[in-house]
Amino acid sequence: MLFGIVGVSGSPAAALPDNPVPDINARLAALPGVVSSREITNSEHPDQRAYEVRFEQLKDHQNPAAGTFQQLVVIHHRDDRLPTLLTPTQHGLSTPTGINFPKNDVWVEQRFFGTSQPSPKDLTKLDARQAATDLHRVTVALKGIYGQKWLSSGMGVTGQIATYHRRFFPADVQGTYVLGARNDVRNDDDSAYDAFFAQVGTPECRARIAAFQREALLRRDELVELYRQQAQLDGLTFELIGSVDRAFELSITDYMWKFWELKSERLCRTVPLPSATTAAVWSELRWTTTSYIRSDQHLRWDEQNLYLAGTQTGWPTVSTPHLDDLLRYPGINNPRTFVDRGIPLPFDNGAMADIDRWVREESSEMIYIYGKTDPVSAEGFRVDGGSRDSKVYVGTKGGLAFLTPAEQQEITAKLKRWAGVADQPPATG
């Protein structure tokens with residue numbers, strides 16, 4: 001899930017210290033656990049040097065005899081006297097955070113993604129604690145060079161991983177900044193989502209969305225054929241979920257979620273009315289629900305997140321009473337449908353309850369930002385009296401720019417304080 005982010009104002013780039021550290025690559029290569037290190041082109045941040053580092057990680061941190069794998073870490077180095085920002089990544093993409101004051105950036109590719117693949121693949125070695133321990137080992141090693149204060153960040157799923165890291169290793173970083181992270185404490189109770197969709201936006205907009213969903217199901221035969229033709233052109237298959245018809249139905253039941261995640265009330269007028277042409281209905285489905293996300297190709301691409309949802313982190317189930325008389329496959333919108341049947345999905349009911357309790361009662365220096373019209377906000381993280389110097393912010397949409405100026409200033413001040421920015425060394429010539 002993607003959430004808009006706008007930069008946190010900080011010190012101007014022109015005032016950054018200039019500390020080339022000519023032996024940084026050699027220093028990285030000498031760290032414990034580092035298999036290799038090489039300098040790479042840093043097209044995103046030409047003022048920083050970038051390094052691709054391979055860390056040796058245990059496949060199972062509770063069983064060292066299970067062997068090891070190499071985990072990709074990308075370091076954007078500015079100055080070892082600056083604070084460092086740790087960000088989990090997936091699918092080769094970093095998570096933008098908007099923390100703009102001078103810092104070093106460390107991106108850690110999550111296990112089972114990209115090139116960070118244990119062999120043979122064993123998803124039973126993917127859980128919240130294993131992912132957190134990967135981050136812990138990287139952080140501890142890199143503090144041999146980056147000894148100033150650390151922050152962590154994430155957005156959506158990577159924000160969840162950043163939270164799990166803090167739960168199991170709370171002292172690794174001095175603060176955590178998370179956007180739009182889901183917190184499904186009780187997977188068997190999704191009433192919060194039903195309440196969200198019953199009140200989000202205006203009654204007129206909700207009615208228009210519901211009418212669009214029904215009309216699409218009433219035109220199932222025409223739309224499934226369009227779906228099938230486009231999927232064939234794109235080389236997509238649907239063996240995991242069973243058929244194009246099932247994929248189509250899921251795109252309809254997902255439509256409410258995707259609309260409010262990606263759009264806003266003002267775009268409700270663009271939702272086709274029941275009188276619209278089938279071509280217009282198909283266009284809306286194709287570009288709003290990302291109709292092809294249920295293909296085998298996408299499901300295998302995102303298998304790791306689906307597995308984690310099916311075993312620990314849970315998944316949202318949204319009631320659709322306005323569609324139930326038109327559904328052929330009720331109850332299939334869950335990880336068991338999307339993950340290969342040969343992979344067991346035993347669900348741990350206590351995993352998220354433990355993390356939720358820790359965030360509410362024991363955490364410190366945590367910032368969560370949600371958008372009030374983003375569905376994920378229905379089950380977001382909370383902080384209670386036991387949590388110290390932490391806060392949840394809710395704007396019109398997810399992202400700093402949608403908060404009030406006072407809230408933006410408050411977040412900026414917290415992040416800079418946690419990072420010790422005021423204690424940075426003076427710029428050198």
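Owing to the predicted nature of the structure, the values given are computational and were not obtained by experimental measurement. Residue numbers count from 1 along this sequence.
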Considering all heavy atoms, the nearest [X]-[Y] contact:
{"X": "E265", "Y": "G201", "value": "OE1-CA, 3.0 Å"}
{"X": "P83", "Y": "F101", "value": "CG-CE1, 4.4 Å"}
{"X": "N183", "Y": "G380", "value": "ND2-O, 3.5 Å"}
{"X": "A141", "Y": "P32", "value": "CB-O, 3.7 Å"}
{"X": "S152", "Y": "A162", "value": "OG-CB, 4.5 Å"}
{"X": "S37", "Y": "L28", "value": "OG-CB, 3.6 Å"}

Between the side chain of [X] and the main-chain N/O of [Y], is any donor-acceptor distance below 3.5 Å?
{"X": "R111", "Y": "K59", "answer": "yes"}
{"X": "R182", "Y": "G314", "answer": "yes"}
{"X": "D384", "Y": "R360", "answer": "no"}
{"X": "S390", "Y": "M366", "answer": "yes"}
{"X": "D190", "Y": "T317", "answer": "yes"}
{"X": "D60", "Y": "Q62", "answer": "yes"}
{"X": "N104", "Y": "R78", "answer": "yes"}
{"X": "D374", "Y": "V376", "answer": "no"}
{"X": "S153", "Y": "T87", "answer": "no"}

Can you check whether [X] reaches [Y] side chain to side chain, under 4.5 Å on heavy atoms?
{"X": "L285", "Y": "F212", "answer": "yes"}
{"X": "W150", "Y": "Q174", "answer": "yes"}
{"X": "I332", "Y": "I241", "answer": "no"}
{"X": "F381", "Y": "V178", "answer": "no"}
{"X": "F259", "Y": "T289", "answer": "no"}
{"X": "D188", "Y": "F347", "answer": "no"}
{"X": "F402", "Y": "I369", "answer": "no"}
{"X": "L326", "Y": "L218", "answer": "yes"}

Show every ring pair (Phe, Tyr, Trp, His ring centres under 6.0 Å) that has at least one partner inside residues 127-148, sequence neighbours left out.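 Output for this query lists H77-Y146, H136-F169.
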
Go through the structure and list residues passing side-chain contact (heavy atoms from CB on, under 4.5 Å) with [X], not counting sequence neighbours.
{"X": "V318", "result": "Y193, D194, F197, M256, W257"}
{"X": "R336", "result": "N334, V339, R341, L345"}
{"X": "P203", "result": "R206"}
{"X": "R220", "result": "L217, V224, D245, F248, E249, R328, Y329"}

Can you list every disulfide (SG to SG under 2.5 Å) pair that touches [range], not counting sequence neighbours?
{"range": "residues 363-412", "answer": "none"}
{"range": "residues 294-384", "answer": "none"}
{"range": "residues 131-212", "answer": "C205-C268"}
{"range": "residues 165-203", "answer": "none"}

Side chains of [X] and [Y], donor plus acceptor under 3.5 Å:
{"X": "Q297", "Y": "T237", "answer": "yes"}
{"X": "T115", "Y": "R54", "answer": "yes"}
{"X": "Y227", "Y": "S251", "answer": "no"}
{"X": "D134", "Y": "H165", "answer": "no"}
{"X": "T158", "Y": "Q90", "answer": "no"}
{"X": "T337", "Y": "N333", "answer": "no"}

Are [X] and [Y] within salt-bridge range, i.e. N to O under 4.0 Å?
{"X": "E215", "Y": "R219", "answer": "yes"}
{"X": "E284", "Y": "K263", "answer": "yes"}
{"X": "K149", "Y": "E365", "answer": "no"}
{"X": "D356", "Y": "R382", "answer": "yes"}
{"X": "D127", "Y": "R129", "answer": "no"}

Spacing of [X] atom [atom1] and [Y] atom [atom2] [to the nearest 0.5 Å]:
{"X": "N63", "Y": "L58", "atom1": "CG", "atom2": "CG", "answer": "9.0 Å"}
{"X": "Q71", "Y": "Q110", "atom1": "CD", "atom2": "CD", "answer": "8.5 Å"}
{"X": "D184", "Y": "E379", "atom1": "CG", "atom2": "CD", "answer": "4.5 Å"}
{"X": "L250", "Y": "I293", "atom1": "CG", "atom2": "CD1", "answer": "8.5 Å"}
{"X": "L327", "Y": "T253", "atom1": "CG", "atom2": "OG1", "answer": "7.0 Å"}
{"X": "D172", "Y": "L135", "atom1": "CG", "atom2": "CG", "answer": "8.5 Å"}

Among residues at least two apart in sequence or on other chains, which ones pass salt bridge (charged side-chain N to carboxylate O under 4.0 Å, His left out) with [X]?
{"X": "D389", "result": "K414, R417"}
{"X": "R214", "result": "D325"}
{"X": "K372", "result": "none"}

Evaluate the criterion side chain to side chain contact (heavy atoms under 4.5 Å, CB included) for residue pair L308 and F112; output intermediate values, then yes/no. CA-CA 11 Å; L308 200 56; F112 292 99; over 6 Å; no

Given Y164 and T313, is the side chain to side chain contact (heavy atoms under 4.5 Å, CB included) satisfied, shown in steps? CA-CA 11 Å; Y164 308 157; T313 63; 3.2 Å; yes

CA sep, side-chain torsions, deciding dist, call: S264, T373, side chain to side chain contact (heavy atoms under 4.5 Å, CB included): CA-CA 8 Å; S264 62; T373 62; 5.8 Å; no

Check the pair W315 / N187 against side chain to side chain contact (heavy atoms under 4.5 Å, CB included), numbers first and verdict last. CA-CA 7 Å; W315 62 92; N187 192 46; 3.2 Å; yes

